[in-house]
Amino acid sequence: MSTTDVTPATEGSREPSFRYTPALAQEIEQRWQDRWEERGTFHAANPTGALTGPGGAAATGSPFFIMDMFPYPSGAGLHVGHPLGYIATDVVGRFRRMQGDNVLHALGYDAFGLPAEQYAVQTGQHPRVTTEANIATMRRQLRRMGLAHDPRRTFATIDPEYVRWTQWIFLQIFDSWYDAEAVRADGGRGRARRISELRDELAVGTRAVPGYPAGTAWAGLSEVEQRDVVDAQRLAYVDESPVNWAPGLGTVLANEEVTADGRSERGNFPVFTKALRQWKMRITAYADRLTDDLELIDWPEKVKSMQRNWIGRSTGANVRFAAIGGGEVEVFTTRPDTLFGATFMVVSPEHPLLDEVPAVWPDGTKDVWAGGHKTPIEAVAAYRKAAAAKTAVERQADAGKKTGVFSGHLAVNPLTGTLIPVFTADYVLMGYGTGAIMAVPGGDERDYAFAKAFDLPVVYTVAPEGGLPEGFDDAWTGDGVTVSSPAPDAGDIPASDLVLNGLHVAEAKAATIAWLEQRGIGAGTVTYRLRDWLFSRQRYWGEPFPIVWDSEDRPVAIPEKMLPVDLPDVPDYAPRTFDPEDKDSSPEAPLGRNADWVNVTLDLGDGPKQYRRDTNTMPNWAGSCWYYLRYLDPTLTDGDAAVDPELERYWMGPRHNATSGVAGGVDLYVGGVEHAVLHLLYARFWHKVLFDLGFVSAVEPFGKLFNQGYIQAYAFRDAHGFPVPAAEVEGDEQTGWTWDGQAVTREYGKMGKSLKNVVTPDEMYEAYGADTFRVYEMSMGPLDLSRPWNTRDVVGSQRFLQRLWRNVVSEETGEVTVSDDAASTETLRAVHRTIADVTAEMEGMRPNTAIAKLITLNNHLTGLESVPRAAVEPLVLMTAPVAPHLAEELWSRLGHTESLAHEPFPVADAEYLVEDTVTCVVQVQGKVRGRLEVPPSISDADLQAAALAEPHVVKAMDGKPVRKVIVRAPRLVNIVV
RNA sequence: GCCCCGGUGGCGGAACUGGCAGACGCGCCCGACUCAAACUCGGGUUCCGCGAGGAGUGUGGGUUCGAGUCCCACCCGGGGCACCA
């Protein structure tokens, strides 16, 4: 290309004709974007198949798979905060490509889901129409940013060919069960196996029939009974159980989509617990692996701990307490060692023990226990009714207040033989553990509060930190971690043959569990907070289930050949919503509105039969659970699996030399922290099922995860509290802020239309160009930190690029001004120092400091009489990841005909990294008093002598004798007097 | 309440394993160019002090020859979890 095809910046001013202005930047940027696309510059080469590199090139270099959390194409459009992560991954990807890696980077669209559907309902257009329009807008905005994506590998989760594979994966999960004993490929125990293998084992009798008495013969069951047994084992199953129902949304939700205060994450509607027949996924079978394998991956500790908390594994013991009058109550406790102190029990209001209670209050019932009721039957019925009527919100609000009532049941503490009362109270949840607890008020705050409220005895069994409470004898020798049997005067507790005195908690737990197991009244066990994933939604805009229901009302898989099951045209795709508070309402699926679609005659292998289609759709998490696999080969339309195993092994297989390490997976996955327990947990679960079934070789889908921060913005409000356009506000921190002559107040937070503080990428392209925008976003601060957007500051990035341009091209003539004379040693040192630093900063994903070093070098070149080629070419190459268009343009003007995208990143020459002299700091009493220019190789003794002779140092020592000298040659000497 | 981050100039932020605090940028000040302004370019810019010098990384203690960095206690800000036995 020549220099003459550049449009000079005119604007009617006397600005130099060839200055790097926004207009010139835009021209350069669009030209290079077109060129990249024409040449396929960023095509990533697969090791096999049709997807080759630029010009049909084969795959070379180490595979590096980099990914963003793909966007949701909302109608609102992008603001400058959205692309931060995309620019960051682009910078990393471009850097790695220049280092010789085979970089796979593309972007798809997560396009099913509630907001798209709501937007469509509002605008009266079909969601497919609005969604595709939104995707087109977003593609345009993102292309204009110059992202080095492989354009052949983009897709949307709503594409029929994508839906086909989403449904296919569902069917794999449906066709699997979890064998906790089976050995899997990575050596651990427990994996998904095919349903056919379960049937075979049941048929030959090597596996007992679950849910039936031991010895039940499989052949003795009817066909329907057999199907029910098998269906109950599937990893995707239908189950009637209490689920989260949001009438205001018109759909049921997963636990992960409900906030702590009992509202829907989307829309903030109240959520009620309602028993409904719904699809679930058996994610609980993977609870241990989902916890343990966090150790294998390079993720932020914060996200790992959020997942650990969500899964909530706790180890302890189940203990059976015999109830008076027959039966028993099993409890779960994490502290079996405190069994001595269990002075009462509490069961959840939903606990089956309460279905039968004594007719009269037993002897010893205190008035406060009975709650004013004449009989336990009356008391328990009243309490259960009240508890059932409580909403999650009320229950949350009452947390801490202890309510409950005595059930009339008495049980025996197996360790002490003491009779203890069984209460029911809503602080015990049916959904956790066994729905019953042994209450140890001496060790548990909640139990203590309950004991105080109901006048129950308190027995301490563990020495608290900071000394012994009154009433304890010398058995308490510990420092807060010893346990003991209760002190002799702690209550009417008979002695036991289990003595824990003096043991540490862990030892005491183990001893108690051994004692319980020996007597067959308890066992060590593990409990999880995680519940199975509620997978069906009563919405239109999602993947239909590839399931039909037969005449026996049992689910039947649609054969793979018949996929995808497309969304039907329905008269009305709006969800059936209800009064948000109407908890008696029931979900109604929009897909049920098309009877012709629902009722079908299909030949599923045994002749044409009548079926009813499942009318649920999948949650929008389904599409994001496997999209990383789709990038590997988005053209795959048929075959036996959603991804070619060879491609998966190449891009994602376990490898020790990549950041993803032994677990394999995507090498770098960048996105917001908001998906810590939703998308990231669900995707790991699906991936592990696919691993068990042999479709993928990586143990984990995402080897390295990075959470980028958010770009936030200032918003301004007038005296009435109404937001005013932030762009028109004047003033600063000192003077205060005004808009249209009136004082306004400033606040800091999100960017949004309602706050009138949105800045769009399009505005940035127009006013500065994409490169300046990219450099600004990357130089604002560390990538994982949230920071405020300040349009005022963008000019700094523009000046940097302008100066870089001027170091190569004359603003007056447009001629390249670079000198081919040799560069000075000083300049070469600056260049190679910068190469070393920038490489390190880029490898550490710190573009902000990398840019600072680039600017420093550029400023150095600016000060030279003429800019040597040997200095500016490395600088241009190093700038390419952050400002690719300008770098390409300069590279081309410097006489290179190929794109620099695949040009090797500069490598520092060690010769120029050593200095002739270094500055040695001389401290007296730790304060800097003098400086010495010394050779780097100076000996400790020479340096000490020089330091002690330095005039400022001598003065500071003030004639005092030297007590000690610390020498860290060649950088530092500290003299102690 | 528990857990995890963070607190450095007027602002965004630098500072590798403890070793010159404030890189780079914004803003501001001074100067050059200009009739003038903008742009651009050069210089300065932690605070106090004319100066020598002194103080300084949320607060208070500690370890160390030496602490933004390590330890203890506390304050403030952000995030996560929260009656999970």
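Hydrogens, waters and symmetry mates are skipped; everything else that's a heavy atom, side chains included, is used.
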Trainee: Looking only at side-chain atoms of A/Arg803, point me to the closest of B/C83, B/C41, B/U40.
Mentor: B/C41
Trainee: Can you give the dot-bracket line for RNA chain B, where a pair is Watson-Crick or G-U wobble with both atom distances under 3.5 Å, crossing pairs use [ ], and | marks a partner on another strand?
Mentor: (((((((..(((......[....)))((((((.......))))))(((....)))..(((((..]....))))))))))))....
Trainee: What contact category does A/Thr334 fall into here, base, sugar-phosphate, or nothing, at under 4.0 angstrom with non-hydrogen atoms?
Mentor: sugar-phosphate
Trainee: Any carboxylate oxygen within less than 4.0 angstrom of a Lys/Arg side-chain nitrogen, looking at A/Glu301 and A/Arg308?
Mentor: yes
Trainee: Just call it for A/Arg531: base, sugar-phosphate, or nothing, with non-hydrogen atoms closer than 4.0 Å on any strand.
Mentor: nothing
Trainee: Does a nitrogen or oxygen in the side chain of A/Arg792 sit under 4.0 Å from OP1 or OP2 of B/G27?
Mentor: no
Trainee: Counting side-chain heavy atoms from CB outward, which of B/C24, B/C65, B/C83 is closest to A/Ile966?
Mentor: B/C65
Trainee: Base, sugar-phosphate or nothing for A/Arg313? Non-hydrogen atoms, less than 4.0 Å.
Mentor: nothing
Trainee: Considering every strand and a 4.0 Å limit on heavy-atom distances, what is the contact class for A/Arg529: base, sugar-phosphate, or nothing?
Mentor: base
Trainee: Does A/Lys853 contact B/C24 through a side-chain donor or acceptor facing the base, at a distance under 3.5 Å?
Mentor: no
Trainee: With no angle test and no hydrogens, is the base of B/G19 tied to the side chain of A/Gln923 by a donor-acceptor pair under 3.5 Å?
Mentor: yes
Trainee: With a non-hydrogen cut-off below 4.0 angstrom, is A/Val673 in contact with a base, only sugar-phosphate, or nothing?
Mentor: nothing
Trainee: Would you classify A/Leu854 as touching base, sugar-phosphate or nothing, given that sugar-phosphate means primed atoms plus P, OP1 and OP2, and contacts are heavy atoms under 4.0 Å?
Mentor: nothing
Trainee: Quick one: label A/Asn859 by what it contacts on the DNA or RNA (base, sugar-phosphate, nothing), any heavy atom closer than 4.0 Å.
Mentor: sugar-phosphate
Trainee: Which residue, A/Trp789, A/Tyr714, A/Phe716, forms the ring pair (Phe, Tyr, Trp, His ring centres under 6.0 Å) with A/Tyr748?
Mentor: A/Tyr714
Trainee: Students often get this wrong, so: under 4.0 angstrom with heavy atoms, is A/Leu429 touching a base, only sugar-phosphate, or nothing?
Mentor: base
Trainee: Report the nucleotide, chosen from B/C39, B/C26, B/C83, that has the shortest atom-to-atom distance to any side-chain atom of A/Arg19.
Mentor: B/C39
Trainee: Considering only side-chain heavy atoms of A/Asn848, which listed nucleotide, B/C65, B/A23, B/A14, is closest?
Mentor: B/A14
Trainee: Look at atom OH of A/Tyr448 and say whether more than 12 heavy atoms of other residues, nucleotides or ligands are closer to it than 6.0 Å.
Mentor: no
Trainee: Can you identify which nucleotide, out of B/G54, B/G19, B/A14, has its nearest atom closest to the A/Leu972 side chain?
Mentor: B/G19
Trainee: Would you classify A/Thr333 as touching base, sugar-phosphate or nothing, given that sugar-phosphate means primed atoms plus P, OP1 and OP2, and contacts are heavy atoms under 4.0 Å?
Mentor: sugar-phosphate
Trainee: Using a 4.0 Å heavy-atom cut-off, does A/Asn974 contact any base of the nucleic acid, only the sugar-phosphate backbone, or nothing at all?
Mentor: base
Trainee: Give me syn or anti for B/G9, where syn covers glycosidic angles within 90 degrees of 0.
Mentor: syn
Trainee: A/Thr919 side chain: which of B/G19, B/C20, B/G13 is closest?
Mentor: B/C20
Trainee: Check whether any side-chain heavy atom of A/Glu256 lies under 4.5 Å from a side-chain heavy atom of A/Leu530, and answer yes or no.
Mentor: yes
Trainee: Distance check, C1' atoms only: B/A23 and B/G13, in whole angstrom units.
Mentor: 10 Å
Trainee: At 4.0 Å (heavy atoms only), tell me whether A/Thr527 reaches a base, stays on the sugar-phosphate, or touches nothing.
Mentor: nothing
Trainee: Looking only at the side chain of A/Lys955 (C-beta and beyond, no hydrogens), which of the listed nucleotides B/G53, B/G25, B/A85 gets closest?
Mentor: B/G53
Trainee: Check every strand shown and say whether A/Gln802 touches a base, only sugar-phosphate, or nothing at a heavy-atom separation below 4.0 Å.
Mentor: sugar-phosphate
Trainee: Does NZ or CZ of A/Lys402 lie under 6.0 Å from the centre of the six-membered ring of A/Tyr427, at an angle within 45° of the ring axis?
Mentor: yes
Trainee: Looking at every strand, decide which applies to A/Arg931 at a 4.0 Å heavy-atom threshold: base, sugar-phosphate, or nothing.
Mentor: base
